[in-house]
Amino acid sequence: MRVYYCGPTVYDAVHIGNLRAMLSADILVRLLRCLYPHVTFVRNITDVDDKITARARENGETIGALTARTTEIFHEDVAELNILPPDVEPRATHHIDDMLAMIDQLVASDHAYVAEGHVLFAVDRCASYGALSGRSPEDLLAGARVEVAPYKRHPGDFVLWKPSSADQPGWDSPYGRGRPGWHIECSAMSRRYLGESFDIHGGGDDLMFPHHENERAQSLCCAPASGFAHTWLHNAMLLSNGEKMSKSLGNFYTIRQVLTRAPAEALRLLMLGTHYRSVLDFTWEKLEEAKRTLDRFYRALERTPPLAEVEPASSLCAPFMNALCDDMNTPLALSCLHPLADAALQGDQAASDALSACGRLIGILTRSPDLWFRSGADDTAIEALIAQRAEAKKARDFTTADDIRARLSEQGILLEDTASGTSWRRA
């Protein structure tokens, strides 16, 4: 099985809306590895983008420094949430030659054209354009924000390559010094590591158009007989307190901000409680509820610890596996854990083993009950939070810094900021 998911554009810390696609991919790959002998999972890093250039200029740092820092934050965040790393994590800047090779092929086959230093894909040259989202090119164009440019033959034509000024990242090409468009990046990287045709492509439903539609079109025009991705998975959006996340509304949260308020497993469980194709509404109350559910599961494992060598979940709980195999129905799968916890609390060893195995398959119940219930923060955890706070302050993310101070204060940990750093003491 070969799977490709669109990864982050690394110009800022990842917010919890972005997390949903990462978590959907994680559950998918975990499940596929139970069912197939070999799974190749590719998730890219977009490290050349106009948002990155603008943010680096705003921060007064180099593009390389910005992308290195934010990529490290991303890796730390997903590791904290027990999201398994991909088999391959290609970076766009390492695959410019692959992109130019596809662009050359599209120009040679008359699916793309050169105009005023740009190379543009001609949407009217792709007969199936719009098939992914089930709408005509005219409908797609009417609902999209399209750059108006006099050199375009058709308003919906999109950029494969664009010229770079002296202060923008750029590479030499037959079309002049420039940089790739966003869509060609994923086409080139998926082709490089998974081939012209592969099994599953996924991402957030906000990427269906234009990104995935354009990605599909240009890839099929390079390899008409390939089919490109055989199956597409799109997760629905995440709301915050019933509204779209927005900094102006005060309901915009990065992963790091949320993890100052609750354990990572609680955030993971909250998200798994809604089917990936349904809109998920994040609230602090739901996060607390997820934490209480995990408390109950860990109490069950504490009462009857699972055996050291537990059989795979597939052999211990058929209803759980059936739910996951039914379009990754994680809410139904989670409902199978409650009767197992009930039985484990009554001393049922088999139920405890099944609860542990099923939980671990979906990335929860990975700690010992002793660690989960340990009261207060230990020194290592305190120092880690203080280090996160220092990084947040350095990035001028004062909301996260204040959240960490408040969380530690609730645990009786007082911080003292001095010229030489931050010290702490117990109240």
Side-chain angles (χ1 to χ4, degrees), residues 1-15 17-26 28-29 32 39-53 55 63-64 66-79 81 83-103 132 158-161 169 171 179-219 222-223 228-229 231-235 255:
M1 291 292 289
R2 291 163 297 162
V3 180
Y4 185 89
Y5 258 74
C6 294
T9 300
V10 285
Y11 69 97
D12 205 346
V14 174
H15 61 73
N18 301 137
L19 170 63
R20 198 165 191 210
M22 309 300 167
L23 185 54
S24 295
D26 187 58
L28 172 66
V29 171
L32 291 176
V39 177
T40 301
F41 174 39
V42 179
R43 186 188 67 211
N44 77 293
I45 294 283
T46 296
D47 58 352
V48 54
D49 185 270
D50 289 350
K51 290 180 181 178
I52 295 173
T53 303
R55 182 60 58 88
I63 290 173
L66 172 64
T67 57
R69 178 170 59 80
T70 51
T71 299
E72 183 179 4
I73 291 172
F74 169 70
H75 285 154
E76 291 172 353
D77 286 349
V78 293
L81 284 152
I83 292 175
L84 302 176
D87 297 296
V88 185
E89 189 178 58
R91 297 177 182 235
T93 55
H94 296 178
H95 294 82
I96 301 298
D97 288 345
D98 293 319
M99 298 172 205
L100 285 170
M102 289 191 75
I103 293 170
L132 178 62
F158 57 88
V159 171
L160 301 173
W161 189 260
W171 291 262
R179 61 200 191 279
W182 176 30
H183 314 304
I184 196 67
E185 295 178 7
C186 284
S187 284
M189 288 184 281
S190 65
R191 188 185 200 187
R192 172 70 174 80
Y193 294 101
L194 298 176
E196 294 177 345
S197 176
F198 55 94
D199 298 291
I200 299 173
H201 193 317
D205 61 6
D206 58 321
L207 298 182
M208 185 181 295
F209 183 83
H211 184 50
H212 288 165
E213 192 75 69
N214 293 351
E215 191 184 338
R216 174 185 176 275
Q218 63 201 9
S219 295
C222 280
F228 189 46
T231 301
W232 291 82
L233 267 67
H234 290 101
N235 59 273
I255 294 173

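Throughout, residue positions are numbered sequentially from 1 according to the sequence presented.
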At their closest point, which heavy atom of [X] faces which heavy atom of [Y], and how far apart are they?
X: His211; Y: Cys186; answer: NE2-SG, 3.5 Å
X: Ala229; Y: His201; answer: CB-CB, 3.6 Å
X: Tyr5; Y: Ala21; answer: CE2-O, 3.6 Å
X: Leu160; Y: Ile184; answer: O-CG2, 3.7 Å
X: Glu215; Y: Cys6; answer: OE1-SG, 4.3 Å

A side-chain contact here means heavy atoms from C-beta on lying under 4.5 Å apart; do [X] and [Y] qualify?
X: Asp50; Y: Tyr11; answer: no
X: Asp98; Y: Met189; answer: no
X: Arg192; Y: Val42; answer: no
X: Leu19; Y: Ile83; answer: yes
X: Asn235; Y: Leu233; answer: no
X: Ile45; Y: Pro8; answer: yes
X: Pro210; Y: His183; answer: yes
X: Thr71; Y: His75; answer: yes

Inset, instruction - Just jot down the side-chain contact (heavy atoms from CB on, under 4.5 Å) partners of Pro86, sequence neighbours excluded, or say none. - result: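 Applying side-chain contact (heavy atoms from CB on, under 4.5 Å) to Pro86 gives Phe41, Arg43, Glu89.
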
Can you tell me how far the [atom1] atom of [X] sits from the [atom2] atom of [Y], to the nearest 0.5 Å?
X: Gln218; Y: Arg191; atom1: CD; atom2: CZ; value: 10.5 Å
X: Asn214; Y: Phe158; atom1: CG; atom2: CZ; value: 4.0 Å
X: Ile96; Y: Trp171; atom1: CD1; atom2: CH2; value: 4.0 Å
X: His95; Y: Leu100; atom1: NE2; atom2: CG; value: 13.0 Å

Got a donor-acceptor contact below 3.5 angstrom from the [X] side chain to the [Y] backbone?
X: Arg2; Y: Ser197; value: yes
X: Asp199; Y: Val3; value: no
X: Thr46; Y: Thr9; value: no
X: Thr231; Y: Ile200; value: no

Inset, instruction - Could you go through the side chain to side chain contact (heavy atoms under 4.5 Å, CB included) check for Ser187 and Met99 one step at a time? - result: CA-CA 8 Å; Ser187 284; Met99 298 172 205; over 6 Å; no

Legend entry - Asp12/Lys51 ion pair, N-O < 4.0 Å: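 No salt bridge links Asp12 with Lys51.
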
Legend entry - CA sep, side-chain torsions, deciding dist, call: Ile52, Leu66, side chain to side chain contact (heavy atoms under 4.5 Å, CB included): CA-CA 8 Å; Ile52 295 173; Leu66 172 64; 4.0 Å; yes

Inset, instruction - Quick one: sort the Trp232 and His234 rings into parallel, tilted or perpendicular, breaks at 30° and 60°. - result: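 The arrangement is parallel - the two ring planes meet at less than 30°.
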
Legend entry - Derivation of the side chain to side chain contact (heavy atoms under 4.5 Å, CB included) call for Asp87 and Tyr193: CA-CA 10 Å; Asp87 297 296; Tyr193 294 101; over 6 Å; no

Inset, instruction - Tell me, please, which residues at least two apart from Asp47 pass side chain to side chain donor-acceptor pair (under 3.5 Å). - result: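 Thr93.
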
Inset, instruction - For side chain to side chain contact (heavy atoms under 4.5 Å, CB included), just list the numbers for Met22 and Phe74, CA-CA rounded to whole Å, side-chain angles, deciding distance to a tenth of an Å, and then say yes or no. - result: CA-CA 11 Å; Met22 309 300 167; Phe74 169 70; 4.2 Å; yes

